[in-house]
S.K.: 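Structure incoming, see below.
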Number of protein chains: 2
Amino acid sequence: MSAANLRARVRAEMTEEIKKVARRHLATDGADLSLRAVARDLKMASSAVYRYFASRDELLTALIIDAYNEVGHSAEQAAASAAAPIDRWLAACHAVRDWALDNPHQWALIYGSPVPGYQAPKDTVMPATRVLLLLGGTLADAYQKGLVPRREPLTGGFADELVPVAETFLPDLPPRVVADTMAAFFQLCGAVSAELFGQLNNTVERDRRGFFEYQMRSAATLAGLA
Amino acid sequence: MSAANLRARVRAEMTEEIKKVARRHLATDGADLSLRAVARDLKMASSAVYRYFASRDELLTALIIDAYNEVGHSAEQAAASAAAPIDRWLAACHAVRDWALDNPHQWALIYGSPVPGYQAPKDTVMPATRVLLLLGGTLADAYQKGLVPRREPLTGGFADELVPVAETFLPDLPPRVVADTMAAFFQLCGAVSAELFGQLNNTVERDRRGFFEYQMRSAATLAGLA
DNA sequence: CGCTTGCAAGAGCAGTGCTCTCGTTGTGAC
DNA sequence: GTCACAACGAGAGCACTGCTCTTGCAAGCG
């Protein structure tokens, strides 16, 4: 709280302020948010923003990390409020979908096509896996509690394809569970993205909950979560 | 071939040439292809391009329609080369994935997040459904041949959510089949996009075929295609 | 008090989509 | 064959973008 910290505190506030406005612009204009426009909104010169973010990509990275954490946190919260694995599973999926419907452009930022010139730095890897870890954890939990019928091991011998992901993100899980977790996660992303990006008709309506739940139940069934 | 047709013919050739170069730029630069850069490549003024495409969005639309048709055609070809429904199913899925791996930016254009200011015109709806129709057709075929065990009807009463899609794209199919077709289609999109957009690790490798096939087999199983 | 360092502002560069205005040239009607 | 007209290419120009560089100011520390 000394005067020495004032600069740092103001800087942190300013950084947060920029992100806030940028997020607002993201919500309206999409992923091609303009650094200059953000600066205009903040009544500051565009060059001043570069004191806080070295480039537009760095600002995007900050937003991406926040988005991953937001959706991850949201899913974790939802899952925590249920007891049975299947309920936790469905709660997490619905939380992800609800968050996506509330923040479509942020969803597009993290799970849509990568922005053209942008290369995700390492910092985004960890928060990006929160939802996956949650699903995997739920499934692993159900396994340990004996709620899942014994599955036959993987056929086709592609287990080694999953090794890199398995050993970094989902250790201590049998290959079959890793495969099912990843498949379910992709299913979740696919369902949400399809609904959000208007793959078929652009009638994105929140009351299509039923179909979404049908899909996520299917994914759970596929993973052995009855 | 009369002289009267010269203008029209040159125009058609020019249009195709622009699309060709644009597609090349798309492959390298991604969705933010520059109309001016395309014009430069063609050694023409940027304003001249506007004689052929009223806007950058219109050029994108043309590329999108082509992409839909390409991937659709590819899937149809692959499916036609197999006999049993499950083989046709898998062949179609692999064809879609292979095309996507070959043309990642085109895939992003049609199945990724929508480009910011862009609103898809009606022209894109029809070609967009080719893959979906193919999957649905394969499934319907299997049904008619009695290869699919009788499924219980949908529970949860969300069949009406699917009505708009069902009646415009998949008529004459029971709601259950419509739901399964759509779910499988989303699963396909999700699997390909996840792999392509590097959701987890950016190790997009063609030899992850095994895991992809595992997912698509699961989708088929879910849809009753043993 | 003076010095350093963090910060904001402005000008400027190269690039973008798009519009407008010019000449030019192919085309169909007469 | 002539002539008006439409299509076309080129260039200038506008408003915008990301980003850099320089300049000036003021807060913090010795």
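Side chains are part of it too, since the values below use all heavy atoms of this structure and drop only hydrogens, waters and symmetry mates. Keep in mind that what you see is a predicted model, and the values were worked out from it rather than measured. Labels below follow one simple rule: chain letters A, B, ... track the order of the sequence lines, proteins then strands, and each chain is numbered from 1.
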S.K.: Return the value, rounded to whole Å, for the distance between atom CD of B:Glu13 and atom P of D:dA7.
M.R.: 19 Å
S.K.: Listed by chain and number, what are the salt bridge (Lys or Arg N to Asp or Glu O under 4.0 Å) partners of B:Glu58, not counting sequence neighbours?
M.R.: none
S.K.: Using the test side-chain hydrogen bond (donor to acceptor under 3.5 Å, both in side chains), find all partners of A:Tyr50 that sit at least two apart in sequence or belong to another chain.
M.R.: none
S.K.: Across nucleotides 15-26 of chain D, 5' to 3', mark each nucleotide with B, S or - according to how protein heavy atoms within less than 4.0 Å reach it.
M.R.: --BBBBB-----
S.K.: Let me know the distance between CG of A:Leu42 and P of C:dA8, rounded to the nearest Å.
M.R.: 11 Å
S.K.: B:Lys43 has an atom NZ; how far is it from atom C1' of D:dG11, in whole Å?
M.R.: 18 Å
S.K.: Just the rounded figure in Å: distance from P of D:dA27 to CZ of A:Arg11.
M.R.: 18 Å
S.K.: Taking NZ, NE, NH1 and NH2 as the nitrogens, is one of them in A:Arg217 or A:Glu213 under 4.0 Å from a carboxylate oxygen of the other?
M.R.: yes
S.K.: Do any N or O atoms from the side chain of B:Ser81 and from the backbone of B:Ala78 form a donor-acceptor pair under 3.5 angstrom?
M.R.: yes
S.K.: Could you state the CZ-P distance from B:Phe53 to D:dG9, rounded to the nearest angstrom?
M.R.: 13 Å
S.K.: Rounded to whole angstroms, how far apart are CE on A:Met44 and P on C:dG10?
M.R.: 12 Å
S.K.: So, do B:Tyr68 and B:Tyr111 have ring centers that fall under 6.0 Å from each other?
M.R.: yes
S.K.: Salt bridge or not for B:Asp98 and B:Arg209, using N-O below 4.0 Å?
M.R.: yes
S.K.: Looking at B:Tyr52, does any N or O in its side chain come under 4.0 Å of the phosphate oxygens OP1/OP2 on D:dG9?
M.R.: yes
